[in-house]
Q: 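Would you mind keeping the following structure in view while I ask a few things?
Naming convention: chains lettered A, B, ... in sequence-line order (proteins, then strands); numbering from 1 in each chain.
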There are 2 protein chains.
Amino acid sequence: MVKCNDVDLDRTFAALADPTRRALLARLGREDSVSVSELAEPFPVSLPAIMKHLNVLSDAGLILRQKTGRTVSCRLNAAPMADAMEWLHHYERFWSTRLDRLADLVENEPS
Amino acid sequence: MVKCNDVDLDRTFAALADPTRRALLARLGREDSVSVSELAEPFPVSLPAIMKHLNVLSDAGLILRQKTGRTVSCRLNAAPMADAMEWLHHYERFWSTRLDRLADLVENEPS
DNA sequence: CGTACACTTAACCTTATGGTTAAGTGTAAT
DNA sequence: ATTACACTTAACCATAAGGTTAAGTGTACG
């Protein structure tokens, strides 16, 4: 199993690897539907820069855009995060402390 | 809260955004302690390329290296993944209640 | 109509990423 | 001592990422 070419996971993790993009997602987590210019406003960078971030997020499937008149509203689509989460989940036992693991054992294997 | 400069999270997600690096971590998840050349062997790229990947993983704190004689053994350090997991955890409600959201969409988008 | 507004695209720049080959360092074995 | 081995570093290359300014598209409004 040399090739592990999970392009979707690549894109998801890459999209999450930037603080501006995480902040955009956080905003959409709080606000549900926000226009592009409203999204851009708090950041000290230009609108085209934000556009590029939004494109990265779209390509990763993390946001959806819908045009209404001349404004475009963005909303969160967290589904791809579930795959990232699942990948990480496989490593959970490596950071759980011994006590956590003990608790896990007790929970999952009673008696 | 414009600045969300979580450099560690940047590095963790960026490190995870490459299939070769994820495969290296997977190997270390299975094998606990593996030398650099053993790690590199399955991949169709040069050893220096793998070195760069290992450096990225080290910089993200995801692996630890220990030199013994002329061989360097690498082991997984999953701790930084916990922070990534925690970040993702905040969005869990956006995909775990997907059926509810689907119903919501159907309600709010009459065709 | 014309103009302002919301967004997008284009062109460009700088730095980072992922790869290469070749050379260097230090330890082990003959 | 010499040679082989395991890894590292250096130098280079092509492409991608993240930013800029300027120009373009399309919708709304006076």
Q: Within the structure shown, what part of the strands sits under 4.0 Å from S46(B) by heavy-atom distance: base, sugar-phosphate, or nothing?
A: base
Q: Between C1' on dA17(D) and CG on D59(A), what's the gap in Å once rounded to a whole number?
A: 13 Å
Q: Check the distance between dA6(C)'s C1' and R65(A)'s CZ and give it to me in whole angstrom.
A: 13 Å
Q: Please report the distance, rounded to the nearest Å, between CG in D18(B) and C1' in dA17(D).
A: 15 Å
Q: Assign each of P48(A) and T71(A) to its nearest nucleotide of DNA chain C by heavy atoms, then name whichever residue's nucleotide is nearer the 5' end.
A: T71(A)
Q: Between dA16(D) atom C1' and D10(A) atom CG, what is the distance in whole Å?
A: 14 Å
Q: Indicate yes or no: at least one non-hydrogen side-chain atom of I50(B) is less than 4.5 angstrom from one of T20(B).
A: yes
Q: For L47(A) and dA10(C), what is the distance between atoms CG and P respectively, to the nearest whole Å?
A: 16 Å
Q: As a test of reading the structure: which of dT8(D), dG19(D), dT8(C) is closest to the side chain of H53(A), going by heavy atoms?
A: dG19(D)
Q: Could you give the CE-to-C1' distance, from M51(B) to dG19(C), as a whole number of Å?
A: 15 Å
Q: Starting the side chain at C-beta, find the nucleotide from dG19(C), dT8(C), dT27(C) nearest to A49(B).
A: dG19(C)
Q: Would you say L47(B) and V36(B) make side-chain contact, with heavy atoms under 4.5 Å?
A: yes
Q: Side chain of K52(B): nearest nucleotide among dT8(C), dC5(D), dA11(D)?
A: dA11(D)
Q: Would a 4.5 Å heavy-atom cut-off, applied to side chains only, mark N55(B) and R65(B) as touching?
A: yes
Q: How close or far is atom P of dG26(C) from atom NZ of K67(B), stated in whole angstroms?
A: 8 Å
Q: Give the intermediate values and the outcome of side-chain contact (heavy atoms from CB on, under 4.5 Å) for residues F94(A) and R75(B).
A: CA-CA 11 Å; F94(A) 293 111; R75(B) 57 179 54 237; over 6 Å; no
Q: Does a donor on one side chain and an acceptor on the other come within less than 3.5 Å for H89(B) and E92(B)?
A: yes
Q: Of all the nucleotides listed (dG18(C), dA28(C), dG19(C)), which has the minimum atom distance to the side chain of R70(B)?
A: dA28(C)
Q: Check the distance between dT17(C)'s C1' and I50(B)'s CD1 and give it to me in whole angstrom.
A: 14 Å
Q: Let me know, please, whether R21(A) or S73(B) comes out on the 5' side of the other along DNA chain D by nearest nucleotide.
A: S73(B)
